[in-house]
Amino acid sequence: MQVTLPDGKVLELPDGATGADAAAAIGPGLAKAALAVKADGEVRDLARPLPEGAALEIVTDRSGQDALDLIRHDCAHVLAAAVMELYPGVKISIGPPIEHGFYYDFDFPDGVAISDADFAAIEAKMAEHIAADEGFDRDELTPAAAIDLFKGEDQDYKVELIEDLVAADPALDHVSLYTNGPFTDLCRGPHAPGTGRIGAFKIQSVAGAYWRGNADNQMLTRIYGTAFFKKKELEAHLELLEEARARDHRKLGRELDLFLFDECSPGMPFWQPNGMAVWNELTRLWRAENLQRGYREVKTPILFDVDLFKQSGHWDNYRDNMYFTDVEDRPMGLKPMNCPGHTRLYKSERRSYRDLPIRYSEQGLVHRHEPSGTLHGLMRVRHITQDDAHIFCTEEQIEAEVQAVLDFGFALYELFGFEPVLELSTRPEKRVGSDETWDRSEAALQSALEKAGLEYVVNPGDGAFYGPKIDLHMRDSLGRSWQLGTCQLDYSMPELFDLTYTGADNAEHRPVMIHRAMLGSFERFIGILIEHYGGDFPFWLTPVQALVMTISDRHEPAAASALAALQAAGIRAELDARTESVGRKIREAELRKVPYILVIGDREADEGTVSVRRHGGADEGAIAVAALVDRLSAEAVPTPTP
RNA sequence: GCCGCCGUAGCUCAGCUGGUAGAGCACUUCACUCGUAAUGAAGGGGUCAGCGGUUCGAGUCCGCUCGGCGGCUCCA
């Protein structure tokens, strides 16, 4: 038989040769280093016979993610082996590798709860199995035999998995099992030859997770861990996690006095003056960009008669997550979104096709009772300020409008150096509108994406109840993904609110609504910005841009006049005239991450200058106050982050 | 909402197996008037998240509630 190697060479092997045979045929070093093979893109065990004619690659510890996935999957099996020995009666479910590690989900016997305190014992037991370098042996059984096996061990979850495999493919003739040491698991594979290939591992956390990701099911205990080939790599990874935690916006928000949360209003941030400075700069940018792109700013109430939400469909879909109150016996609700309000503006006059598109933007304050367990700093709040907009247009205008929205988003993100991931979400099960309407609207969004040549992933069934959407996602410092912008196409709301316009044919037509947000919410966007910049905002966004400080009391008049000149030019400047040592005042300014520290002593006071020190830098020497004002004014303009 | 963990001064934390609260920073006052990351001294500040229970005695043990953290589900 023959296989082709990555360099194009053809390797001749005896019939029935395995991956291990191929590695050995190439060289003894590679035979030793081999973990698995990649045949026509599929990673397979070394011990399995190779498919004839395959394009073959030997997977070693240098093979990047493929290799890491392999040993992390191995490590998940080792974890399961250890847990089964330590906790008799535990039921196992699944244990895959994930982006930075692996997990395994267990159903522990009643009364057994796993916590951090148990990790050391689990790790010790795992280390024994790894030291023993137990082989991973593959077996194939008929589904019926495998079901019998797992039934005999009371492993209900495994039985269910096999039954589902059979239901999906009644002709299924075998399933594969892998055994390492005392542990046998239903598993598709592949695995490395033995547990000894796991160079370094760590159990990281424990969490609840629903069986099969369904909240109606049993909650299992998920144990997370990670593994690497070398101890140094593991340590470097853990160090990276530590550094990421230092950039957590909740920590920086407190340290830099940007915002805070208080028990008296869970999930609703209190903005401090520094945070408001960032908010206001962002608002200024948002307002200018909207104006330039043909949006007109509006403001609508936050409290509405609930009938409005019954009409919009939000009552049916989201009333459990809304806040209600009675006003003189009239039931009213805080708006969970701005669109119903904007439809009132649209309907306030008769509209002509000549008026369209109408683009309303609003810094819309909405309230959503997010479940307590989902709150997360500024990223997931109950009091949400959306940079919302609704575009009312004709069907012919959709594509150009969607295109313009995407352009808008990318122009904004470029300013911050963001590279968002695009997702197209299609019709959900719970929805309004006909299938024909959904066909048209999904096609319109897809076509806008394709024409713009943008890469995107499809999330089937993830659309809003009234229409499909394109979402733009960003990651936080710890790699968690958050939605920023969204562009949602909606044929339903115009129908439900009976919105019309008069066409060129003098007949009434139905407009289409596009819901869009670019920043997502001011809260979340600022949270992302804090982590993205690690608190070192670009100059135009910095809360306190310059701090003037005196060396002694007698310099205060000169400092006050420098401060006044900066403030007159719109620079956010403060004065530190305390009779503290210069060293202390510099230190505190550095910790506050103030970009410009301006020192005034005898020399500067005499000459009408200030000595400049940049954040994290050293004394740059004196500069005339007027020249400094010019320099900072020029810098205080939004410019793309490199 | 679900699973696990956590909640001590404004912040970061110590307080062993129950014996009536402590440090650093911050804050206040006084002295120092200082040249680029912490001047010194003194002082104030906590119903140990809240409520209930066990106990001679609870920050410490148990239960509930509230809030937070890590996940899961959800996210118009």
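As a basis for the values below, the full set of heavy atoms in this structure was taken, side chains included, without hydrogen atoms, waters or symmetry mates.
- You'll find that the side chain of Ser611(A) is closest to U36(B), out of U36(B), G70(B), A76(B).
- Taking only distance into account, the side chain of Arg368(A) never meets the base of C74(B) through a donor-acceptor pair shorter than 3.5 Å.
- Nucleic acid contact class of Val582(A) (heavy atoms, under 4.0 Å, all strands): sugar-phosphate only.
- Counting heavy-atom neighbours within 6.0 Å of Glu239(A) CD, excluding the residue itself, gives a total of 12 or less.
- Looking at which nucleotide of RNA chain B each of Gln483(A) and Pro371(A) is closest to, the 5′-most match is held by Pro371(A).
- Between the Gln545(A) side chain and the Pro595(A) main chain, no donor and acceptor come within less than 3.5 Å of each other.
- Closest contact between the side chain of Arg584(A) and the listed nucleotides A37(B), G35(B), U39(B) involves U39(B).
- Other residues, nucleotides and ligands contribute more than 12 heavy atoms inside 6.0 Å of the NZ atom of Lys347(A).
- Here Gly213(A) lies in heavy-atom contact (under 4.0 Å) with sugar-phosphate atoms only.
- Distance from the side chain of Asn321(A) is smallest to A76(B) among G68(B), G70(B), A76(B).
- Note on Ala207(A): a base of the nucleic acid sits closer than 4.0 angstrom, heavy atoms only.
- Taking every side-chain heavy atom of Glu580(A) into account, U39(B) is the closest of U39(B), C74(B), G4(B).
- Distances shown here put a side-chain N or O of Arg480(A) below 4.0 Å from the OP1 or OP2 atom of G71(B).
- Contact annotation for Arg254(A): backbone-only contact, meaning every heavy-atom pair under 4.0 Å involves sugar-phosphate atoms and none involves a base.
- Contact annotation for Asp619(A): base contact, defined as any heavy-atom pair under 4.0 Å involving a base atom.
- For Glu263(A) and G50(B), a side-chain-to-base donor-acceptor distance below 3.5 Å is absent, hydrogens and geometry of angles not being considered.
- Look at Arg592(A) and Glu255(A) and you find no salt bridge, because none of the NZ, NE, NH1 or NH2 atoms lies under 4.0 Å from a carboxylate O.
- Nearest-nucleotide mapping onto RNA chain B: of Arg382(A) and Ser115(A), the residue sitting toward the 5' end is Ser115(A).
- Of the possible polar contacts, none joining the Asn274(A) side chain to the Leu258(A) backbone as a donor-acceptor pair under 3.5 Å is found.
- For the OP1/OP2 pair of U39(B) and a distance below 4.0 Å, the side-chain nitrogens and oxygens of Ser581(A) include at least one atom meeting the criterion.
- Here Lys469(A) reaches the OP1 or OP2 of A76(B): one of its side-chain N or O atoms lies under 4.0 Å away.
- Across all strands shown, His376(A) has heavy atoms under 4.0 Å from sugar-phosphate atoms exclusively, and none from any base.
- Among the atoms of the strands shown, none is found under 4.0 Å from any heavy atom of Leu220(A).
- Ranking G35(B), G70(B), U36(B) by closeness to the Arg613(A) side chain, first place goes to U36(B).
- The Arg380(A) side chain lies nearest to C74(B) when the options are G70(B), G4(B), C74(B).
- At a threshold of 4.0 angstrom between heavy atoms, the contacts of Asn214(A) with the nucleic acid are absent.
- You'll find that the side chain of Arg587(A) is closest to A38(B), out of G4(B), U36(B), A38(B).
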Side chain to side chain contact (heavy atoms under 4.5 Å, CB included) between Asn338(A) and Gln386(A), worked out | CA-CA 9 Å; Asn338(A) 305 298; Gln386(A) 296 178 319; 3.0 Å; yes
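- Here Tyr224(A) does not count as stacked on G71(B), because the ring centres are not under 5.5 angstrom apart with planes under 30°.
- With C75(B), U39(B), C69(B) as the choices, the nucleotide that has an atom nearest any side-chain atom of Arg250(A) turns out to be C69(B).
- Taking only side-chain nitrogens and oxygens, Arg554(A) comes nearer than 4.0 Å to OP1 or OP2 of C34(B).
- The Ala464(A) side chain lies nearest to A76(B) when the options are C75(B), A76(B), G71(B).
- For the P atom pair drawn from C51(B) and C32(B), the interatomic distance equals 48 Å after rounding to whole Å.
- Contacts of Lys335(A) with the nucleic acid, taken as non-hydrogen atoms under 4.0 Å apart, are absent.
- In this structure, Arg524(A) reaches neither bases nor backbone, as no heavy-atom distance under 4.0 Å exists between it and the strands shown.
- For Phe539(A) and Tyr596(A), the ring centers sit closer than 6.0 Å to each other.
- For Met219(A), the listed nucleotide lying nearest its side chain is G71(B); candidates were G71(B), C74(B), C34(B).
- Counting any heavy atom pair closer than 4.0 Å across all strands shown, Tyr318(A) reaches a base atom.
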